[in-house]
Amino acid sequence: MPHEALLQRALEQQRLRPLDVAFARFLAECDAQLAPELSWLGALLSRQLADGHLCLDLDLLPVLAQEQDWPEDWRALAATLHEDGRLCLPASPLLADGDGRPTAAPLVLDGTRLYLRRYWNHERAVAQGILDRVVRSEAPTAHFADELARLFPDAAAPDWQRVACALAACGAFGVITGGPGTGKTTTVVRLLGLLQTLQLREQARPLRIRLAAPTGKAAARLNASIAAQLAQLGVDDAVRAVIPSEVLTLHRLLGARPDTRAYRHHRHNPLHLDVLVIDEASMVDLEMLAAVLDALPATARLILLGDKDQLSSVEAGAVLGDLCRRAEAGHYDDATAQWIAATTDDDIAAFVQTDAQPLDQRIAMLRTSHRFGAASGIGRLAQAVNAGEAPAALALLQASAPDLAWQRAVDATALANLAIDGSATPEDGEACGYRHYLAWLRRHRPAIDAGEAAHAEWARGALQAFNRFQLLCALRRGPHGVDGANRLVAAALRARGLIESEHDWYEGRPVLLTRNDYSLGLMNGDIGLCLRLPSADGSGGTQLKVAFLAAADRSGGPPRLRFVPPSRLADAETAWALTVHKSQGSEFEHAALLLPPDPNNVLSRELLYTAITRARGRFSLLGSSAIVEQAIAHRTQRHSGLAARLAPHPAAP
């Protein structure tokens with residue numbers, strides 16, 4: 001089949017996007033002699049990037065052909081790329097080798113992995129930036145063990161929070177991973193207390209510490225957690241005063257410039273800090289981490305927090321997953337285990353492996369959940385899903401634990417009942433849905449002349465009431481996706497007289513920002529509520545404004561509010577339902593997940609686990625057992641060379 005016809009057919013079959021085909025045609029225009037195989041690989045690579053892969057591993061083409069049921073013309077093209085079992089690509093000035101030559105080539109073949117040059121550069125920069133910090137260690141001071149013991153006075157060995165704190169305190173790079181409720185925030189606050197205590201003993205100037213998260217929602221949540229933990233931290237007041245509670249989004253920290261990929265802070269204008277802590281690191285994509293490392297001073301310490309088993313970032317890369325691929329088994333060396341035993345009395349000998357790598361010595365996995373006890377249905381369900389144990393997960397759902405609910409048949413009535421009352425069936429009266437939030441608005445509304453402070457407090461309470469429940473969807477489009485669910489929920493709320501019916505903007509409407517707005521200081525992913533507030537002109541009337549929660553101030557006081565007229569929110573959509581991806585960084589008293597009735601490649605073990613662990617007190621699932629089994633069986637694998645770059649050599653004995 002002629003090359004152009006092949007691309008057009010792939011476009012019609014939706015195997016490729018218009019952007020993928022346009023890139024293939026661009027390559028053909030740049031090199032008139034370009035082999036059809038390379039043009040097709042360019043389109044396929046573009047498609048892979050859209051699916052979150054950093055590269056296209058040409059050794060895995062037979063696997064892709066099987067998984068995606070490739071047509072014969074695609075299989076024939078793939079077969080021409082191997083000769084006598086060896087990879088053999090046609091030469092082109094558009095294709096660079098593993099050293100990046102020629103430097104102007106947009107494609108790079110590094111081993112068997114094909115990259116766009118930009119992502120090849122990012123991957124190498126991230127690997128080198130991490131490895132440069134991994135090899136830097138700091139000898140503990142004379143007071144290190146004493147201060148560590150003071151911060152963990154009653155911990156029973158082995159205490160992985162204490163181990164994580166010790167490992168992170170003695171290196172320029174550290175990763176603390178763990179599931180929900182394992183104490184990642186507690187650990188990092190104690191780590192910062194330890195670092196500042198030791199710093200003030202040795203020097204007059206405290207460490208310059210900054211806290212960041214990928215999204216505004218994750219930043220606000222960490223802000224509240226840090227403020228609560230600081231109040232309980234067993235350190236001197238002078239130390240507590242120099243531990244920040246303010247959390248910025250990474251975009252704000254780096255100084256994002258509108259309509260460009262550039263940032264104000266970079267290697268020639270680095271960040272002014274000594275320690276950077278990034279929470280919800282599973283949401284950080286490769287390009288963002290490359291920008292962070294580029295802006296970090298060479299002497300700065302970087303600490304990443306996150307759950308390695310959650311969904312990876314929407315953008316290309318699964319950085320935390322690549323970093324923590326060996327965390328379950330520890331992979332510590334003898335020297336690390338002996339130092340931990342001597343310093344903390346914790347025995348981690350069971351996690352010593354002969355193939356230990358330098359990076360492994362900088363990673364700690366927290367293994368005990370303090371949120372979900374042994375009897376928790378949510379906790380046990382999350383564990384079963386994460387372990388790939390579909391029969392155990394289905395058995396838990398069928399057992400009707402108090403904190404779990406399962407509706408196999410998904411219809412409009414069940415979905416509306418779940419969203420409004422928190423239950424798909426009227427028999428369950430304990431659940432909480434959006435009716436509770438809308439009733440809260442009416443019940444607690446201040447008098448119109450109550451004053452600005454009273455209305456601000458009401459808005460803050462409304463945001464808290466709304467966050468008690470959230471409907472999640474696996475898909476974006478279609479009747480079982482966010483678009484369809486939002487329409488159905490809004491219509492059901494109107495039919496029951498719970499929201500106004502005559503306008504698109506109405507009181508109680510939750511909205512999700514879909515684009516950064518630097519003029520308003522709001523970021524993609526921020527959620528606000530449309531509320532009726534007193535008019536600013538003092539006329540005694542009211543007007544609709546959207547209330548957003550900003551980060552708390554440095555003193556740990558209540559979060560700040562930002563009120564924005566709806567007319568200024570061009571890039572906002574209704575948020576009665578969110579994708580599981582958009583819910584990351586959030587927790588809800590009750591989270592409900594709507595699964596589609598038919599198999600879909602989006603469904604995965606990581607998606608189901610992430611949805612389950614958004615719930616603190618109750619999790620509801622709408623979906624058939626067959627779809628649940630499919631999701632648990634499908635584990636997301638993103639093509640990347642980062643893990644290989646991070647472990648080039650075994651650790652020295």
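All values below were derived from every heavy atom in this structure, side-chain atoms included, with hydrogens, water molecules and symmetry-related copies excluded.
In this structure, the separation between CD1 on I378 and CZ on R616 is 10.0 Å, given to the nearest 0.5 Å. Taken from CG in L54 to CD in Q48, the straight-line distance is 10.5 Å, to the nearest 0.5 Å. To the nearest 0.5 Å, the span separating CG on L594 from CG on L418 amounts to 8.5 Å. With values rounded to the nearest 0.5 angstrom, F563 atom CZ is found 7.0 Å from L531 atom CG. For the atom pair CG (L569) and CH2 (W505), the distance works out to 5.0 Å, reported to the nearest 0.5 Å. For the atom pair CD (Q584) and OG (S282), the distance works out to 5.0 Å, reported to the nearest 0.5 Å.
With hydrogens and angles disregarded, a donor-acceptor distance shorter than 3.5 Å links the side chain of T177 to the backbone of K308. Distance alone, capped at 3.5 Å, places no donor-acceptor pair between the T182 side chain and the T368 backbone. In this structure a side-chain-to-backbone donor-acceptor pair under 3.5 Å is present from N486 to V482. Of the possible polar contacts, none joining the R47 side chain to the L19 backbone as a donor-acceptor pair under 3.5 Å is found. Using modelled atom types, one side-chain atom of N223 and one backbone atom of S245 make a donor-acceptor pair closer than 3.5 Å. Using a distance-only test at 3.5 Å, with no hydrogens or angles considered, a donor-acceptor pair links the side chain of K184 to the main chain of G179. A donor-acceptor contact shorter than 3.5 Å is absent between the side chain of Y609 and the backbone of D309. The main-chain N or O of T636 is found under 3.5 Å from a side-chain atom of E606 such that the two form a donor-acceptor pair. Panel note: side chain N467, backbone L463; a donor-acceptor pair is recorded below 3.5 Å. A distance-only check finds no donor-acceptor pair linking the side chain of R190 to the backbone of T187 [under 3.5 Å].
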Exercise. Kindly determine whether F619 and F588 satisfy side chain to side chain contact (heavy atoms under 4.5 Å, CB included), including the steps that lead there.
Key: CA-CA 9 Å; F619 176 72; F588 311 98; over 6 Å; no
Exercise. Please report the C-alpha distance between F548 and L561 in whole Å, then the side-chain angles of each, then the deciding distance to 0.1 Å, and finally whether the side chain to side chain contact (heavy atoms under 4.5 Å, CB included) criterion is met.
Key: CA-CA 6 Å; F548 291 90; L561 288 168; over 6 Å; no
Practice problem: Evaluate the side chain to side chain contact (heavy atoms under 4.5 Å, CB included) criterion for residues L397 and S625: first the C-alpha distance (whole Å), next the side-chain angles of each, then the deciding distance (0.1 Å), finally the verdict. | Solution: CA-CA 10 Å; L397 289 168; S625 57; over 6 Å; no
Self-check item: Pair L475-R477, side chain to side chain contact (heavy atoms under 4.5 Å, CB included): steps then yes or no
Solution: CA-CA 6 Å; L475 305 181; R477 307 293 180 193; over 6 Å; no
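For the pair R476 and E573, the salt-bridge criterion is met [side-chain N within less than 4.0 Å of a carboxylate O]. Taking 4.0 Å as the cut-off between side-chain N and carboxylate O, R532 and E500 count as a salt-bridged pair. Taking a cutoff of 4.0 Å between a charged side-chain nitrogen and a carboxylate oxygen, R562 and D526 do not qualify as a salt bridge. Looking at R487 and D483, no side-chain N of the basic residue comes within less than 4.0 Å of a carboxylate O on the acidic one, giving no salt bridge. Ionic pairing of E589 and R618 is not present here: no N-O contact between side-chain nitrogen and carboxylate oxygen is shorter than 4.0 angstrom.
For the pair R442/L498, a side-chain contact is recorded, criterion being any heavy-atom separation below 4.5 Å from C-beta on. Side-chain contact between L192 and L233: absent, with no pair of heavy atoms (C-beta onward) separated by less than 4.5 Å. The closest side-chain heavy-atom distance from P566 to Y506 is not below 4.5 Å. Residues Q470 and S583 have side chains not in contact (no heavy-atom distance under 4.5 Å, counting atoms from C-beta outward). Side-chain contact check for R496 versus D421: some heavy-atom pair is nearer than 4.5 Å. Annotation: side chain of I226 is in contact with side chain of V189 (closest heavy-atom distance under 4.5 Å). At a threshold of 4.5 Å between non-hydrogen side-chain atoms, the residues V319 and D285 do not count as touching. Using a 4.5 Å heavy-atom cutoff, the side chains of P596 and L603 are in contact.
The local environment of CD in Q398 is crowded, with over 12 non-hydrogen atoms from other residues, nucleotides or ligands closer than 6.0 Å. Residue Q13 places its CD atom among more than 12 non-hydrogen atoms of other residues, nucleotides or ligands, all under 6.0 Å distant. Annotation for R210: atom CZ does not count as buried by contact number, only 12 or fewer foreign heavy atoms lying within 6.0 Å. Around the CG atom of D411, the shell of radius 6.0 Å holds more than 12 heavy atoms that belong to other residues, nucleotides or ligands.
Among all heavy-atom pairs drawn from V628 and L394, the shortest one is CG1-CD2, 3.9 Å. Smallest separation of non-hydrogen atoms from D403 and G617: CB-O, 3.2 Å. Summarising the geometry of L222 relative to A212, their closest heavy-atom pair is CD2-O, 4.2 Å, with the distance given to 0.1 Å. Summarising the geometry of L323 relative to I363, their closest heavy-atom pair is O-CD1, 3.0 Å, with the distance given to 0.1 Å. In terms of heavy-atom proximity, P214 sits nearest to M283 at CG-CB, 3.8 Å. Looking at every heavy atom in both residues, L595 comes nearest to G623 through CB-CA, 4.2 Å.
Ring geometry for F469 versus H590: interplanar angle over 60°, hence perpendicular rather than tilted (30 to 60°).
Residues R509 and T574 bring a donor and an acceptor atom of their side chains to less than 3.5 Å of each other. Between the side chains of T610 and Q310, no donor-acceptor pair is found at a separation under 3.5 Å.
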